[in-house]
Amino acid sequence: MSMAVTGCTSVPLKEGGTLSSYSNLGAPKGTLAKKRLYVDGQHLAAVKTVSIVPTIFSFSAASRIKSQADRSLVSNALDRALCVALSDRYQMVPAGQPADLTIRSVVTDIVPTNKAMAGVATAVTVGTGFVLPVSVPRLPVGLGALAVEAEAVGSNGVQSAAMLWARGANSIQNNPRVSEVGDAYGLASKFAGDFSRMLISGKEPKGLNISLPSRQRAQSWLGGKPKYAACDAFGRAPGLIGAVAAKYGAPPEWTERKPKPLTTH
């Protein structure tokens, strides 16, 4: 049990060479997620429109996940979560259109989830739920991890915010899913939550976010229409069906919806 409680995997926090500048980043910090960050709250206070360039994988990260479809699952989950969260404050516009702020994210490292061990962990966790009052934690073997670096650049080309972020799955908080990107898929949304909180507040986030989600966020999480059409470029969330599928270890592609092309008039 002690192994299960402390069981986790990790990925190093390192510079991937894709940011316009690393000189502003602070020292590493964090427990569950390790971070180095920079934010210019004064500039962000004047921002009204934001665009998100679709997330890409660095060469080294892409080489660890051979399937383009799997990589797209992670990048779309990250961009969708970021777009929906930022919609609480900013007007989101499609990539390529003029905006006060443009966000670029790169997956710099990834530890694949061991599909076989995820299947075993699911069977053990779900199975014990039928005979014990609570299910046992996930087996601390074959867990995945994710590292991302991202920046927000103003229309003048100046970096307004940046973050290096790395986090591994653990036995308590991450459901096993039978997919090489099962853990990275879930961790992508965790990164989006941390980065969006910093951009919205204009300062380093402190502690856990215990605020209730906005109405538009809840609607988007349930798979409904997002506040801004630009977010449809990253697909809609699987909602309750996805949550049930995750509980039983189903791979994310079973419930993930394909992005909708934007229509122009």
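Residues take their numbers from the sequence shown, with the count starting at 1.
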Would a hydrophobic clustering, with Ile, Leu, Val, Met, Phe, Trp and Tyr connected at side-chain separations under 4.5 Å, put V39 with V47? yes
Within a reach of under 6.0 Å around NZ of K190, are more than 12 heavy atoms found that belong to other residues, nucleotides or ligands? no
Considering non-hydrogen atoms only, spot the tightest contact between V178 and P251 and give its length. O-CB, 3.4 Å
OG1-CG distance between T55 and L78, expressed to the nearest 0.5 angstrom: 4.5 Å
I103, M92: one ILVMFWY side-chain cluster at the under-4.5 Å cut-off? yes
Take atom CD1 of I241 as the centre, draw a 6.0 Å sphere, and report whether it contains more than 12 heavy atoms from other residues, nucleotides or ligands. no
Evaluation steps, side-chain contact (heavy atoms from CB on, under 4.5 Å), between Q173 and L32: CA-CA 10 Å; Q173 297 176 306; L32 284 175; 3.5 Å; yes
Contact check, side chains of L146 and D109, non-hydrogen atoms, under 4.5 Å: no
Is the backbone N or O of S63 less than 3.5 Å from a side-chain atom of K66, with the two atoms forming a donor-acceptor pair by type? yes
One thing to verify: whether K14 and E149 come together as a salt bridge, which I'm taking to mean a side-chain N less than 4.0 angstrom from a carboxylate O. no
Mark yes when over 12 heavy atoms from residues, nucleotides or ligands other than Q97 sit less than 6.0 Å from its CD; otherwise mark no. yes
Do side-chain atoms of R71 reach the backbone of I65 as a donor and acceptor pair under 3.5 angstrom? yes
Can you confirm whether T113 sits close enough to S179 that some side-chain heavy atom of one is under 4.5 Å from a side-chain heavy atom of the other? no
Qualifying residue for side chain to side chain contact (heavy atoms under 4.5 Å, CB included) with V50, from L44, L86, D100, V93: L86
Heavy-atom side-chain proximity of Q91 to Y228 below 4.5 angstrom: yes
Gap between atom CZ of R167 and atom OG1 of T31 - 0.5 Å precision: 8.5 Å
Begin from the C-alpha positions of T108 and V11 and carry the test side-chain contact (heavy atoms from CB on, under 4.5 Å) through to its verdict. CA-CA 10 Å; T108 54; V11 64; over 6 Å; no
Hey, any chance F195 and L101 share a hydrophobic cluster, counting ILVMFWY side chains that come within less than 4.5 Å of each other, even indirectly? yes
For a 4.5 angstrom cut-off between non-hydrogen side-chain atoms, does P226 reach R236? yes
Donor-acceptor pair between S160 and D40 side chains, under 3.5 angstrom: no
For A145 versus L187, what's the shortest heavy-atom pair and its separation? CA-CD1, 3.9 Å
If only atom types and distance count, is the side chain of R177 paired as donor or acceptor with the main-chain N or O of A250 below 3.5 Å? yes
What verdict does the side-chain contact (heavy atoms from CB on, under 4.5 Å) test give for V107 and S75, after you've listed the backbone C-alpha separation in whole Å, the side-chain angles of each residue and the deciding distance to 0.1 Å? CA-CA 8 Å; V107 174; S75 59; 5.9 Å; no
Taking all non-hydrogen atoms of both residues into account, name the closest pair between R197 and S201 and its distance. O-OG, 2.8 Å
Look at the side chain of Y38 and the backbone N and O of Y22, then say whether any donor-acceptor pair between them is shorter than 3.5 Å. no
Has K227 got a side-chain atom pairing as donor or acceptor with S87's backbone, closer than 3.5 angstrom? yes
Holding to ring pair (Phe, Tyr, Trp, His ring centres under 6.0 Å), I want the full list of residues that pass it with Y185, two or more places apart in sequence or in another chain. none
Output yes when K29 and E204 qualify as a salt bridge under the 4.0 Å nitrogen-oxygen rule, no when they do not. yes
With heavy-atom distances below 4.5 Å as the criterion, would you say the side chains of R36 and M163 are in contact? no
Closest heavy-atom pair, I110 versus A184, reported as atoms and distance to 0.1 Å, is CD1-CB, 3.5 Å
Could you go through the side-chain contact (heavy atoms from CB on, under 4.5 Å) check for Y90 and K48 one step at a time? CA-CA 5 Å; Y90 305 111; K48 297 185 182 302; over 6 Å; no
Locate the shortest heavy-atom distance separating L25 from A162; write the atom from each residue and the value. CD2-O, 3.8 Å
Does D232 pair with K225 as a salt bridge, N-O distance under 4.0 Å? no
Are side-chain heavy atoms of P112 and V181 found at a separation under 4.5 Å? no
R217: what forms a side-chain contact (heavy atoms from CB on, under 4.5 Å) with it, not counting sequence neighbours? V84, A85, D88, I200, P213, S214
Begin from the C-alpha positions of S67 and E180 and carry the test side chain to side chain donor-acceptor pair (under 3.5 Å) through to its verdict. CA-CA 9 Å; S67 168; E180 273 199 327; over 6 Å; no
Does the side chain of V106 come within less than 4.5 Å of F57's, by heavy atoms? no
Are L82 and F234 packed together at the side-chain level, in the sense that at least one heavy-atom pair is separated by less than 4.5 angstrom? no
Is there a continuous path of hydrophobic side-chain contacts, each under 4.5 Å between heavy atoms, that joins I52 to M198? yes
Heavy atoms only: give me the nearest A99-S155 pair and the separation to one decimal. O-CB, 3.7 Å
Do the charged groups of R80 and E256 touch, with an N to O distance under 4.0 Å? yes
